[in-house]
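Okay, so here's the structure we're looking at.
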Amino acid sequence: MKQLFRKKNINDILQDSSSNEEHNLQKNLQLRDLVAFGIAAVVGAGIFSTIGNASYNGGPAVIFLFIFTAVACLFSALCYAEFASCIPLSGSAYTYAYTTFGELIAWILGWALVMEYAIGNIAVAISWSDYFTGLMTGIGLKIPEYLTMDYLSASRGFEKVSFLLKNGQVFKELPESLKEAYFAWQNAPQIGSFRVIADIPALFITVIITSLVYIGIKESKNASNIMVIIKLLVVTMVIVVGAFYVKPDNWSPFAPNGLSGVLKGVSAVFFAYIGFDAISTTAEECKNPQRDLPRAMLYSLAVCTVLYVLIALVLTGMVSYKELQVGDPLAHVFALNNLDFMAGIIATSAVVTITSVFLVFQLGQPRILMTMSRDGLLPEMFGKIHPKYKTPYVSTVATGLLVAIPALFLNLTEVTDLTSIGTLFAFTLVSGGILLLDTEKLNQTQKNRFRVPVIGGRFVLPLVLLGVFGSYAHYNNDEVTDFFNMSNQRVQMREKIALEKQENDFKIIPKNTEKELTNWKNKKASLEQNRKKWQEEQQKTIWEIFVRRIPLWIFGVVVLVMLSLTAYYNLSLIPVMGLLTNFYLMTELGIGNWIGFGVWMLVGLAVYFSYGYHHSKLKRKNGELGIRN
């Protein structure tokens with residue numbers, strides 16, 4: 001059993017890295033480049049969708065949710081910053097876990113990062129394709145539907161539309177996505193009985209970005225910096241132009257649905273901050289990683305928080321929060337104020353924004369695979385460095401194929417939440433890893449490294465948790481009562497009242513113009529989704545309710561364990577809060593995603609025990625030294 005948890009020594013890791021010239025990457029990144037990478041990764045599609053739904057639920061008070069979430073992310077960012085400072089290598093959370101938890105946990109975390117970066121980028125490529133196709137249509141260059149959609153979506157969409165039409169549905173009133181799927185299937189060329197349908201834009205962006213990452217870090221850096229400048233210019237324009245159309249009356253009431261409404265979007269808003277951790281994968285390409293990496297993570301988090309808060313204030317000031325439950329709130333708000341030129345600029349910038357996100361994650365994944373290969377847990381070829389470009393070229397090509405092929409033919413946007421649980425799992429272990437660091441030894445060898453501020457948690461943690469849980473129970477009494485009674489009757493009643501209110505609002509929406517018709521369709525789709533969700537909740541049995549709440553019961557056990565350990569060892573507050581915050585957000589993703597994550601981990605364990613365990617370089621090294629693992 002000890003062999004599964006053999007650990008790498010930090011000093012040995014750094015010594016091996018500096019002495020092996022074959023593994024050296026080109027050091028080209030400075031602080032401004034790292035901050036740009038952080039902003040590129042964080043400010044993505046979330047700014048075009050998440051803010052709208054969160055503002056609809058919380059009203060203008062959603063700005064406090066963004067601030068609260070930024071503080072929660074800060075716990076993880078500080079932990080990442082300390083690890084990046086004392087272990088400036090490209091393995092990111094995988095390497096950090098290898099030095100604190102041991103080889104098996106490191107492998108599991110590395111496998112989770114494959115889900116976060118490579119599998120997650122499949123969904124990003126599909127999202128980019130949707131925005132790009134919409135942009136081309138907007139300027140009069142319509143691409144055939146069967147070349148902009150995956151085979152599975154077209155097939156499902158055609159069947160659904162056919163069913164709806166048979167039951168009297170008017171084709172004109174169908175959502176645009178269903179219309180596009182119908183036309184894609186109907187108009188696609190055929191080879192025998194097989195219809196040729198593929199998402200070519202998704203393939204295109206994957207090939208372009210993978211080629212850029214293959215060529216070198218300097219080229220990737222320059223591209224990222226340019227896209228971030230464009231992104232920041234557009235966001236600044238949105239804030240400045242929108243400020244002239246703000247009506248202070250729209251900010252009253254400031255919190256129309258109370259604290260519960262504000263907190264309703266907590267998980268979605270948190271995911272709008274995810275991405276700063278990707279900076280750590282570029283550690284070996286930084287000129288001064290121990291100084292610049294911690295600063296870059298904190299600076300990028302601060303910049304993104306300010307942008308999110310300002311945009312939320314502008315959106316909720318320009319129109320009523322009731323108008324913001326749409327997929328593209330920025331463009332929607334400016335269109336309602338007859339600023340169509342701004343809507344066009346926002347649509348264009350969305351393509352650039354998602355491209356920058358795609359670049360950062362496509363840059364990070366090969367470096368994770370490279371580091372795992374160096375340790376012997378993956379075949380040696382994944383660790384090869386290109387002699388000219390100084391990039392892990394085999395891992396880069398492999399990552400490109402892993403993203404391009406599924407994005408071309410399959411609809412994997414459903415894996416978005418699954419990749420998020422992988423990210424939160426990494427954040428949880430990195431926070432826990434700080435608690436296991438031998439800080440006294442590190443303080444002797446690395447005196448100038450960044451350190452997480454040490455605040456004893458023995459007395460503070462119980463007070464913090466009591467305040468958090470007490471506030472939640474006060475403002476969400478229905479959920480708490482239902483949780484312990486193994487029912488969902490109170491929540492159902494509240495949701496029914498909200499649904500009836502939404503139905504009444506829907507009846508008075510005009511649909512005379514094209515804009516009004518589009519708004520009516522969006523509201524109708526939202527209403528149908530909420531109605532279906534409420535009906536599903538009514539049909540749940542006690543067993544189904546219990547199973548769905550298993551993650552929360554597990555979280556409760558983790559809280560009790562961490563309270564006990566903190567009381568006994570006086571653990572540092574910030575890492576403990578990071579661990580608990582991220583673990584709680586994992587419970588928000590539901591039991592289905594936990595099961596999916598568990599299946600992915602089982603596949604990873606099969607790969608580890610069939611290859612990695614037997615080829616581990618640490619295993620061989622310890623064997624040669626006669627060390628019992």
Side-chain angles (χ1 to χ4, degrees), residues 7-38 41 76-101 106 109-110 113 117 216-218 220-221 275-301 360 363-375 383 385 390-392 395 426-427 429-431 433-434 436-439 441-452 618:
K7 301 176 184 178
K8 299 187 76 172
N9 182 277
I10 293 178
N11 293 327
D12 290 345
I13 294 175
L14 298 178
Q15 187 176 355
D16 291 343
S17 175
S18 60
S19 62
N20 196 334
E21 295 184 0
E22 292 181 3
H23 290 165
N24 288 346
L25 303 176
Q26 185 179 3
K27 295 186 179 296
N28 198 273
L29 302 177
Q30 300 180 43
L31 177 60
R32 65 173 180 272
D33 305 314
L34 294 170
V35 173
F37 274 134
S76 301
L78 289 170
C79 296
Y80 264 94
E82 178 164 353
F83 268 124
S85 179
C86 65
I87 314 176
L89 298 177
S90 295
S92 186
Y94 158 77
T95 301
Y96 309 156
Y98 216 147
T99 62
T100 51
F101 291 101
L109 192 45
L113 291 175
Y117 292 144
I217 188 64
K218 182 179 179 181
S220 300
K221 172 194 75 174
F276 65 84
D277 57 305
I279 305 175
S280 60
T281 64
T282 64
E284 293 180 41
E285 290 147 304
C286 300
K287 292 183 177 180
N288 191 342
Q290 291 182 312
R291 182 197 67 187
D292 291 344
L293 277 173
R295 292 181 181 181
M297 291 183 188
L298 300 178
Y299 291 171
S300 58
L301 192 60
V360 175
L363 187 72
Q365 181 61 78
R367 283 146 183 81
I368 301 290
L369 298 177
M370 174 192 72
T371 308
M372 296 172 77
S373 173
R374 287 177 183 174
D375 295 332
I385 306 299
K390 296 298 180 181
T391 57
S395 293
F427 284 9
L429 288 188
V430 168
S431 299
I434 290 294
L436 300 178
L437 271 180
D438 188 348
T439 53
K441 190 174 181 180
L442 283 172
N443 289 341
Q444 296 174 2
T445 57
Q446 299 183 15
K447 296 182 180 179
N448 296 324
R449 68 185 176 86
F450 177 87
R451 298 174 178 84
V452 175
L618 185 59

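Note that the structure is predicted; figures quoted are calculated from it, not measured.
In this structure, OH in Y299 is found 6.0 Å from CG in L31, a value given to the nearest 0.5 Å. Note that CG of L618 and CG of D375 are 8.0 Å apart. Values are rounded to the nearest 0.5 Å. Between atom CD1 of residue I368 and atom OH of residue Y117 there is a gap of 5.5 Å, rounded to the nearest 0.5 Å. With rounding to the nearest 0.5 angstrom, the OG1 atom of T99 is 4.5 Å from the CD1 atom of I10. Note that CD1 of I434 and CG of L78 are 9.5 Å apart. Values are rounded to the nearest 0.5 Å. Taking CG of L109 as the reference point, atom CG of L113 lies at 5.0 Å (rounded to 0.5 Å).
At least one side-chain heavy atom of L298 sits under 4.5 Å from a side-chain heavy atom of F450. Here the side chains of L293 and I279 are in contact, with some heavy-atom distance below 4.5 Å. At a threshold of 4.5 Å between non-hydrogen side-chain atoms, the residues I385 and L25 count as touching. Under the 4.5 Å side-chain criterion, counting only non-hydrogen atoms from C-beta, M372 is in contact with Y94.
For the pair S220 (side chain) and G216 (backbone), a donor-acceptor distance under 3.5 Å is present. Side-chain atoms of E82 come within 3.5 Å of backbone atoms of V452 as a donor-acceptor pair (strictly under, hydrogens ignored). The main-chain N or O of E284 is found under 3.5 Å from a side-chain atom of K27 such that the two form a donor-acceptor pair. With hydrogens and angles disregarded, no donor-acceptor distance shorter than 3.5 Å links the side chain of S395 to the backbone of P392. Without hydrogens or angle criteria, S373 side chain to G383 main chain gives a donor-acceptor distance under 3.5 Å.
Of all non-hydrogen atoms in V430 and A93, the two that sit nearest each other are CG2-CB, 3.6 Å. For the pair M370 and S90, the tightest heavy-atom approach, listed with the atom from each and the gap, is CE-CB, 3.8 Å. Closest non-hydrogen pair, A283 versus P289, comes out as O-CB, 3.6 Å.
In this pair, Y80 and Y96 present their aromatic rings perpendicular. The plane angle is above 60°, beyond the 30 to 60° band.
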List the steps and the verdict of side-chain contact (heavy atoms from CB on, under 4.5 Å) for D292 and C286.
CA-CA 8 Å; D292 291 344; C286 300; 5.6 Å; no
Could you walk me through whether I217 and T391 pass the side-chain contact (heavy atoms from CB on, under 4.5 Å) test, one step at a time?
CA-CA 7 Å; I217 188 64; T391 57; 5.6 Å; no
Show your working on side-chain contact (heavy atoms from CB on, under 4.5 Å) between T100 and L437 and close with a plain yes or no.
CA-CA 6 Å; T100 51; L437 271 180; 4.0 Å; yes
Test Q365 against T281 for side-chain contact (heavy atoms from CB on, under 4.5 Å), laying out the working first.
CA-CA 8 Å; Q365 181 61 78; T281 64; over 6 Å; no
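Partners of E285 under the side-chain hydrogen bond (donor to acceptor under 3.5 Å, both in side chains) rule, at least two apart in sequence or in another chain, are R367. For F37, the ring-ring contact (aromatic ring centres under 6.0 Å, His included) criterion is met by no residue, not counting sequence neighbours. Every residue meeting the side-chain hydrogen bond (donor to acceptor under 3.5 Å, both in side chains) condition with S280, not counting sequence neighbours, appears here in chain and number order: S92. S76 pairs by the side-chain hydrogen bond (donor to acceptor under 3.5 Å, both in side chains) definition with N582, not counting sequence neighbours. Among residues two or more places apart in sequence or in another chain, the ring-ring contact (aromatic ring centres under 6.0 Å, His included) test is passed with F276 by F427. The side chain to side chain contact (heavy atoms under 4.5 Å, CB included) test applied to D33 returns L29, Q30, K221, N225, not counting sequence neighbours.
The neighbour count for K7 NZ, taken as heavy atoms of other residues, nucleotides or ligands under 6.0 Å away, is above 12.
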